[in-house]
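If you're wondering where the values come from, they're calculated on a predicted model, not measured in any experiment. In each ligand, atom 1 is the first atom listed, and ligand 1 is the first ligand listed.
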Amino acid sequence: MLEVISFTLGPVQTNAYLVADPATREAAVIDPAWAGQLLLREAQRRGWRIGHLWYTHAHFDHIGGAGAIADGLNPLPLVALHPADHALWRAEGGASLFGFRIDPGPEPTIDLFDGQVLLLGDSRIEVRYTPGHTPGHCIFYVSRPAGASSGLCLCGDLIFQGSVGRTDLPGSDTDALLHSIRSQVFTLPDDTRLLPGHGPETTVGYEKKNNPFVGVSPLS
Ligand SMILES: [Zn+2]
Ligand SMILES: [Zn+2]
């Protein structure tokens with residue numbers, strides 16, 4: 001069964017997720033937000049080997065810990081990102097716009113795409129393409145892991161508890177974001193846990209009922 005450990009890190013309180021298959025000890029970091037050494041130490045303490053960095057999108061506050069993680073690993077972790085966010089990655093995720101410098105770590109060499117299945121031991125993680133907050137934003141979905149009561153979705157800056165990702169940034173698109181939420185999140189089972197890039201965990205059912213930005217309007 002997939003284990004997920006969450007951390008809230010960095011200047012804008014970004015959630016990073018260390019995910020692992022405890023049987024094989026294979027681990028990945030979904031959005032190594034900041035403080036890479038802390039993520040690395042936690043994996044080492046548990047005897048897990050980080051082989052992958054998977055990015056929901058390339059904003060600096062989601063990748064700021066990548067360089068420090070890579071510095072502590074040999075071989076280097078493989079980095080996966082949707083190609084539509086490569087330009088943003090090369091611009092260090094817009095860090096300079098906010099007065100930051102980051103070490104973006106190894107170049108992404110795995111192109112994420114909609115419907116792709118990533119493997120971590122016996123666990124299958126489905127990639128869903130969800131543009132809007134950035135052109136290459138993706139979310140990671142695990143349908144009801146063995147032994148768990150519900151599936152889970154690591155949803156980056158697409159949807160938050162009672163809110164949605166910003167669309168006032170360069171490359172953002174509000175209509176695309178709402179369409180992504182309705183077609184890729186609200187189609188998941190209501191009890192699916194949503195683990196967002198900022199703020200507390202929520203569920204698909206709760207957001208369908210309560211999210212004032214999306215509502216339950218039909219697919220558009
Ligand atoms: Zn973002
Ligand atoms: Zn963010």
Side-chain angles (χ1 to χ4, degrees), residues 4-19 28-36 38-39 53-69 79-105 107-108 111-114 127-141 152-185 193-202 207 211 213-214:
V4 180
I5 319 268
S6 64
F7 304 80
T8 304
L9 302 169
V12 288
Q13 297 285 284
T14 305
N15 295 330
Y17 296 96
L18 176 62
V19 299
V29 180
I30 295 180
D31 291 355
W34 214 258
L38 192 150
L39 294 163
L53 304 178
W54 296 333
Y55 299 163
T56 58
H57 65 300
H59 275 151
F60 76 99
D61 61 306
H62 292 253
I63 64 173
I69 293 176
V79 178
L81 176 69
H82 191 284
D85 261 22
H86 279 187
L88 184 59
W89 184 86
R90 281 193 295 276
E92 291 183 10
S96 60
L97 294 177
F98 297 89
F100 293 100
R101 290 300 313 269
I102 60 160
D103 172 0
E107 183 136 4
D111 287 347
L112 296 176
F113 59 88
D114 191 54
V127 176
R128 293 179 157 229
Y129 177 49
T130 53
H133 176 66
T134 65
H137 195 287
C138 289
I139 60 176
F140 301 97
Y141 174 58
L152 58 100
C153 182
L154 298 111
C155 55
D157 287 359
L158 176 62
I159 182 167
F160 307 119
Q161 187 192 79
S163 188
V164 297
R166 287 174 68 169
T167 52
D168 59 334
L169 301 163
S172 296
D173 179 331
T174 306
D175 289 344
L177 177 117
L178 294 175
H179 177 74
S180 290
I181 293 171
R182 291 183 183 127
S183 61
Q184 297 279 42
V185 177
R193 295 167 60 198
L194 295 176
L195 307 181
H198 302 272
E201 173 175 342
T202 181
E207 296 310 318
N211 194 304
F213 295 92
V214 197

Check: Thr56/Asp31 side-chain N/O donor and acceptor closer than 3.5 Å = yes
Any donor-acceptor N or O pair under 3.5 Å, side chains His137, Thr130 = yes
Under 3.5 Å: donor-acceptor pair, side chain of Asp85, backbone of His57 | no
For the pair Asn15 (side chain) and Gly199 (backbone), establish whether a donor and an acceptor sit closer than 3.5 Å, ignoring hydrogens and angles.
-> yes
Check all N, O or S atoms of His198 and name the one closest to the Zn ion (ligand 2).
-> NE2
Hey, what's the ring geometry for His198 with His62, parallel, tilted or perpendicular (30° and 60° as the breaks)?
-> perpendicular
Nearest heavy-atom approach of Leu88 to His59 is CD2-CD2, 3.7 Å
Tell me the protein N, O or S atoms under 2.8 Å from the Zn ion (ligand 1), in chain and number order.
-> His57 NE2, His59 ND1, His133 NE2, Asp157 OD2
